[in-house]
Amino acid sequence: MGPMIRTEEQEEDYMSPPWLMPMLRGSYFVPCSIHADSNKNECNLFCLDCAGNAFCSYCLVKHKDHRVVQIRRSSYHNVVRVNEIQKYIDISFVQTYIINSAKIVFLNERPQPRIGKGVTNTCEICCRSLLDSFRFCSLGCKLGGMKRGDQSLTFSLRGKHGREYQGGSESDEATTPTKLRKTNAFNRLMSGLSISTVRLDYYGPGGDQRSLSSGDEGGFSFSPGTPPIYNHRNSSRRKGIPHRAPF
């Protein structure tokens, strides 16, 4: 058996999720061939589980319980919202943008023929001007950086303990605010205590030792004490006439 040769597509699947390249190469905003006679039949949805062609909203019923993201368009380029895609891949080092009050990332590279004056940072793949804290302008450019052999880049989401993130939420203990966790711990502690278990020992008149619980007659009462009596007679007295000192 001869040596196994890894093809380009196998290499891309090895470095990224199997649905990433079909999503980047998909044809969007074209009329759906199945629902050609329907209104709003443009193909702007992509299923991460099927990793097939883009489809329209009428075809969504065939992808029940699947991971579906919506592809949008900005300046004739395909984008996806950050809150949708970041649940499935790591988009670090990719510059994000705010469009229509939503944070988005571009799918593919956007070459910039002329770099503006004063630009100090550009995309490592297509040389588009970027902010200093980013390295790539799109998901496709980050994939291009990974194909160059940069070991610091990954699309894999990992939790705090190195476990791969599966799209679910972390434990309640990790996401609960500190103050609320302390309150819950205090409530659990107090619920484990019972006043009826408190027993007090005392010695009776005959010198024999007796035991009282909070429920026994003659025991200690845990009800609030009687407030002191307020003397209303004293409160109604008027002050006397002030006396001047003799000259």
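We count residues from 1, following the sequence as given. Computed from a predicted model, the values in this text were never measured in an experiment.
Residues V68 and I71 do not share a hydrophobic cluster, clusters being chains of Ile/Leu/Val/Met/Phe/Trp/Tyr side chains in contact below 4.5 Å. I104 and I89 fall into different hydrophobic clusters, where Ile, Leu, Val, Met, Phe, Trp and Tyr side chains are chained together by heavy-atom contacts under 4.5 Å. Under a hydrophobic clustering in which Ile, Leu, Val, Met, Phe, Trp and Tyr are joined whenever their side-chain heavy atoms come within less than 4.5 Å, directly or via other members, L130 and F106 fall into the same cluster. Linking Ile, Leu, Val, Met, Phe, Trp and Tyr whenever their side-chain heavy atoms come within less than 4.5 Å puts I91 and L48 in one cluster. Both L143 and W19 sit in one connected hydrophobic cluster of ILVMFWY residues. Membership requires side-chain heavy atoms under 4.5 Å apart, directly or through other members.
P111 and R128 get closest at one heavy-atom pair: O-NH1, 4.0 Å. Of all heavy-atom pairs between I125 and E109, the closest is CG2-OE1, 3.7 Å. Shortest non-hydrogen contact noted between F29 and R72 is CZ-C, 3.5 Å.
To the nearest 0.5 angstrom, I85 atom CD1 is 8.0 Å from L107 atom CG. For the atom pair CG (L139) and CE (M21), the distance works out to 11.0 Å, reported to the nearest 0.5 Å. Considering OG of S133 and CD of Q95, their distance stands at 7.0 Å, rounded to 0.5 Å. One distance of note links CZ of R110 with SG of C141; it measures 8.5 Å at 0.5 Å rounding. To the nearest 0.5 Å, atoms CD (E124) and SG (C137) are separated by 11.0 Å. The line from SG of C123 to CZ of R135 is 10.0 Å long, rounded to the nearest 0.5 Å.
Y58 places a side-chain N or O within 3.5 Å of a backbone atom of N39 that can act as its donor or acceptor partner. A donor-acceptor distance shorter than 3.5 angstrom exists from the side chain of E84 to the backbone of Q70, with no hydrogens or angles considered. Panel note: side chain Y28, backbone M23; a donor-acceptor pair is recorded below 3.5 Å. Of the possible donor and acceptor atoms, one in the side chain of T154 sits under 3.5 Å from a partner among the backbone N and O of S156. Although no hydrogens or angles enter the test, the distance criterion places a donor-acceptor pair under 3.5 Å between the side chain of S138 and the main chain of N108.
For F136, the ring pair (Phe, Tyr, Trp, His ring centres under 6.0 Å) test picks out no residue, with sequence neighbours left out.
Heavy atoms from other residues, nucleotides or ligands lying under 6.0 Å from CG of N53 number 12 at most. No more than 12 heavy atoms of other residues, nucleotides or ligands shown are found within 6.0 angstrom of CG on N100.
Relative to the ring axis of F93, K142 does not place its NZ or CZ within 45° and under 6.0 Å from the centre.
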- Please report the C-alpha distance between L45 and H63 in whole Å, then the side-chain angles of each, then the deciding distance to 0.1 Å, and finally whether the side-chain contact (heavy atoms from CB on, under 4.5 Å) criterion is met. CA-CA 10 Å; L45 299 174; H63 301 271; over 6 Å; no
- Verdict with reasoning, C59 to H35, per side-chain contact (heavy atoms from CB on, under 4.5 Å): CA-CA 8 Å; C59 301; H35 304 92; 3.3 Å; yes
- Message: As a quick check of understanding, evaluate side-chain contact (heavy atoms from CB on, under 4.5 Å) for V79 and R73, giving each step before the final call.
- Response: CA-CA 6 Å; V79 303; R73 178 160 289 186; over 6 Å; no
- Item | Residue pair L131, N121: steps toward the side-chain contact (heavy atoms from CB on, under 4.5 Å) verdict | CA-CA 6 Å; L131 298 178; N121 185 37; 5.7 Å; no
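With contacts defined as side-chain heavy-atom distances shorter than 4.5 Å, the pair V94/T96 does not qualify.
The only member of I34, L60, N41, N44 that meets side chain to side chain contact (heavy atoms under 4.5 Å, CB included) when paired with F55 is L60.
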